[in-house]
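Heads up: the structure comes next, in structure tokens.
So you know, we letter chains A, B, ... as the sequences are listed, proteins then strands, and number each from 1.
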2 protein chains.
Amino acid sequence: MSVTIYDVAKKAGVAISTVSRVLNNTGYVSEKTRKRVMGVVEELNYEKNMLAVALMKKQTKTIGLIIPDITNHFYADLTRAVEDEGNRHGFNVILCNTDNDMEKEASYVSFLLQKNIDGIIFASPKKDDPNIKALCDKNPQFPIVQLGGEVEGVNTDKVLVENSQGAYDLTKHLIELGHESFGVVLGHRNSLASKDRLDGINIAINEANLRLVKQNILYGDFKMQDGLKSALQLLKSKNRPTAIIAATDLLAIGCYQAAKSIGLSIPDDLSITGFDDIEIAQAVEPALTTVTSPIEQLGVRAVEMVVSTIEKPKAYKEKTVYQPTMVIRGSTGTPVNNYTVSS
Amino acid sequence: MSVTIYDVAKKAGVAISTVSRVLNNTGYVSEKTRKRVMGVVEELNYEKNMLAVALMKKQTKTIGLIIPDITNHFYADLTRAVEDEGNRHGFNVILCNTDNDMEKEASYVSFLLQKNIDGIIFASPKKDDPNIKALCDKNPQFPIVQLGGEVEGVNTDKVLVENSQGAYDLTKHLIELGHESFGVVLGHRNSLASKDRLDGINIAINEANLRLVKQNILYGDFKMQDGLKSALQLLKSKNRPTAIIAATDLLAIGCYQAAKSIGLSIPDDLSITGFDDIEIAQAVEPALTTVTSPIEQLGVRAVEMVVSTIEKPKAYKEKTVYQPTMVIRGSTGTPVNNYTVSS
DNA sequence: GTGAAAGCGCTAACAG
DNA sequence: CTGTTAGCGCTTTCAC
């Protein structure tokens, strides 16, 4: 089999504890012995078995990252940030895609636990996520951070983005351009991403003494197709809006397709806004007005939180909140409002 | 601490070996004892410690997936497929983003080895990747599959896509439309993705007795920005092409931006083709003519290969090759060829 | 059928 | 400074 600490010890003519000491820089070892041991380590190409270490130390140097879907660009970026930052701290991360399926999430959680991971980052938990609560109840000490969402009544570390603020900014921007009727294309009904954004939109609309008709708030999945579908429904309705606020860029791009399919021009006939500022947002025609989150910083902060909790349990929980930034591009403009729609 | 097999054994009044037997369905256990043990397991909420199991069995039920960058949509899709299929087989996967940096890859490989993972899938290895070779040389038995690329002189299982065929099809399609001068926007010079595609392009061009001028073959990174930059260079040159063949959709979309920025219309003034058929390809205006690979199947097959090798080492290596499919959309058309370019 | 005991490869007291 | 030893939690002979 592979070479163990025993092989090294024997060949170097020392005890395994000595080898362990030089390998971990722990305790005193004479320079001479250290040299000799290191020599043998090189020679034998010894690699430490982390499994044994983990079993002993009860630390796997691994964290779990639970996200809805890596295929979504936002989560891809986030995952990248978490991985890189995790590695920087000597941790590796196990990715889990739940597709927002709570059973899938539950089985991932118990899987991660069996694997003795040291902590979990839950990205964008649904607001009624039962697994986070169950886990916290069972083991309040276990390092958990909620990223981009918070489950009611669960006290963990948190990293949040004030999405409602972003939605507010976008809406206000549209109002200032002269828009008075809006369509809102959201994702899952019980995702925080949907709720937060709707909140911000409502605040801005109320402030302006306008109103948002209920039928113009549409839910669906987070795929481009869903944006297309929702927008179509919106644009063919009686009180069709002059602006659509989508919960994500991908949804917004779906709306572009809908507009094009029925011959509406953006932004003259219809203004559209997104959320996330994915790479493609600047490539579409016209470029998409959207809101950008410090995704990398989100990941970095979340990792810092778990890792610090893992290394030194603390009695309190903390929360960091980031503000998103609006990016105005070509997809929003003054409404012209004189178009007709082919039913 | 957490509950162990000893706790269960004690409470059930049996030996740990008995508990192990009922847990793993191995050896004879009386129905009565089994019931009792299972009862205690439920009661104590016992979860097996996979670390100890792994140390004992020398199997972690984990595979490593090495990719350039999860942020690239192609790899996001691939990763998703690999994860799902891995889980289906009871394996979990550790993601490693190398950014095509061989040193980073090397450190990941040794990291994975220390973690005692059971096998590795190398996605899109560069053709001179030194780590794969080193690993194979050191341990020829270790389960490895190369996906979407092959390092010269290294004998492992492989899952490939005949990208040269896709490039050939695309080029031929352009030739049939009447194009005679081409620009080629590639990624890294020593990536297989670049080489394969260029091969296919050359074959088609030679077949038609046309020729591809060397200055019209541009390399860069795989980001959208690089596509923009390369296309700009191409379009401002003396012998500007009427068609650009990009190595990926993202690069192609970068070319769209270049065309727009200097007022060329697609496909009248310039035809553009991509590669991969990412979701956005149908959303851009005009929709992108590209080539689609069975990404999910690629991932599935790769997992099948590692897993089967892990579970039952085999003496031979195998290779599965998939054919890509061309998807013709609006970005390619007959060249009009009467445009002028503002320098 | 079930129990006792020997490790898997490593760390961490505890002696010397 | 270095060696001995006792586990970490589990699987797996080998006896009974």
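- Protein atom CG of A/Leu55 is 14 Å distant from nucleotide atom C1' of C/dA12, rounded to whole Å.
- Partners of B/Phe222 according to the ring pair (Phe, Tyr, Trp, His ring centres under 6.0 Å) rule, which considers only residues two or more places apart in sequence or in another chain, are B/His188.
- At distances below 3.5 Å, not a single donor-acceptor pair connects side-chain atoms of B/Asn87 with backbone N or O atoms of B/Asp84.
- Using modelled atom types and a 3.5 Å distance limit, the side chains of B/Ser30 and B/Thr33 yield a donor-acceptor pair.
- Straight-line distance from the CG atom of B/Asn24 to the P atom of D/dT11: 5 Å, rounded to whole Å.
- Of the residues B/Val145, B/Thr309, B/Val151, B/Ile144, the one that meets the side chain to side chain contact (heavy atoms under 4.5 Å, CB included) test with B/Thr156 is B/Ile144.
- Heavy atoms of other residues, nucleotides or ligands lying less than 6.0 angstrom from NZ of A/Lys48 number more than 12.
- Nearest heavy atom pair, residue B/Ala123 against residue B/Pro68, reads O-CD, 4.0 Å.
- Spacing between atom NZ of A/Lys57 and atom P of C/dA13 amounts to 11 Å, rounded to whole angstrom units.
- Residue-level contact check: B/Ser20 touches the bases, meaning some heavy atom is under 4.0 Å from a base atom.
- At least one donor-acceptor pair under 3.5 Å links the side chain of B/Arg36 to the backbone N or O of B/Ala12.
- Distance, B/Leu113 CG to C/dG9 C1': 16 Å, rounded to whole Å.
- Rounded to 10 degrees, the angle between the two end axes of the helix from C/dG1-D/dC16 to C/dG16-D/dC1 is 40°, with five pairs used at each end.
- The closest donor-acceptor contact from the side chain of B/Asn24 to the backbone of B/Ser20 lies under 3.5 Å.
- Side-chain atoms of A/Asp99 never come within 3.5 Å of backbone atoms of A/Asp101 as a donor-acceptor pair (strictly under, hydrogens ignored).
- Between B/Glu105 and B/Ile66 the shortest side-chain heavy-atom distance falls below 4.5 Å.
- Going from atom CD1 of A/Ile5 over to atom C1' of D/dG3 covers 13 Å, rounded to whole Å.
- In the region residues 28-43 of chain B, proximity to DNA chain D at under 4.0 angstrom, judged on heavy atoms, holds for none of the residues.
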Shorter than 3.5 Å, N or O on both sides, protein versus nucleotides 4-6 of chain C: list them out with atom names.
residue: C/dA4; atom: N6; partner: B/Ser17; partner atom: OG; Å: 3.2

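- Summarising the geometry, the separation between CD on A/Gln114 and C1' on D/dG9 is reported as 13 Å, rounded to the nearest angstrom.
- Neither side chain, A/Tyr75 nor A/Asn97, offers a donor N or O lying under 3.5 Å from an acceptor on the other.
- Under the rule for a side-chain contact (heavy atoms from CB on, under 4.5 Å), the partners of A/Ile16 that lie at least two apart in sequence or sit in another chain are A/Ile5, A/Tyr6, A/Ala9.
- Residues of residues 45-52 of chain A that place a heavy atom closer than 4.0 Å to DNA chain C, in numerical order, are A/Tyr46, A/Lys48, A/Asn49, A/Ala52.
- When rounded to the nearest whole Å, the span between CG of A/Asn25 and C1' of C/dA12 equals 16 Å.
- No hydrogens or angles considered: nothing links the side chains of A/Lys126 and A/Asn100 as a donor-acceptor pair under 3.5 Å.
- If you measure from atom CG of B/Leu23 to atom P of D/dT11, you get 7 Å, rounded to the nearest angstrom.
- Of the possible polar contacts, one joining the A/Asp118 side chain to the A/Thr60 backbone as a donor-acceptor pair under 3.5 Å is found.
- Residue B/Lys58 has a polar side-chain atom (N or O) positioned under 4.0 Å from OP1 or OP2 of C/dG9.
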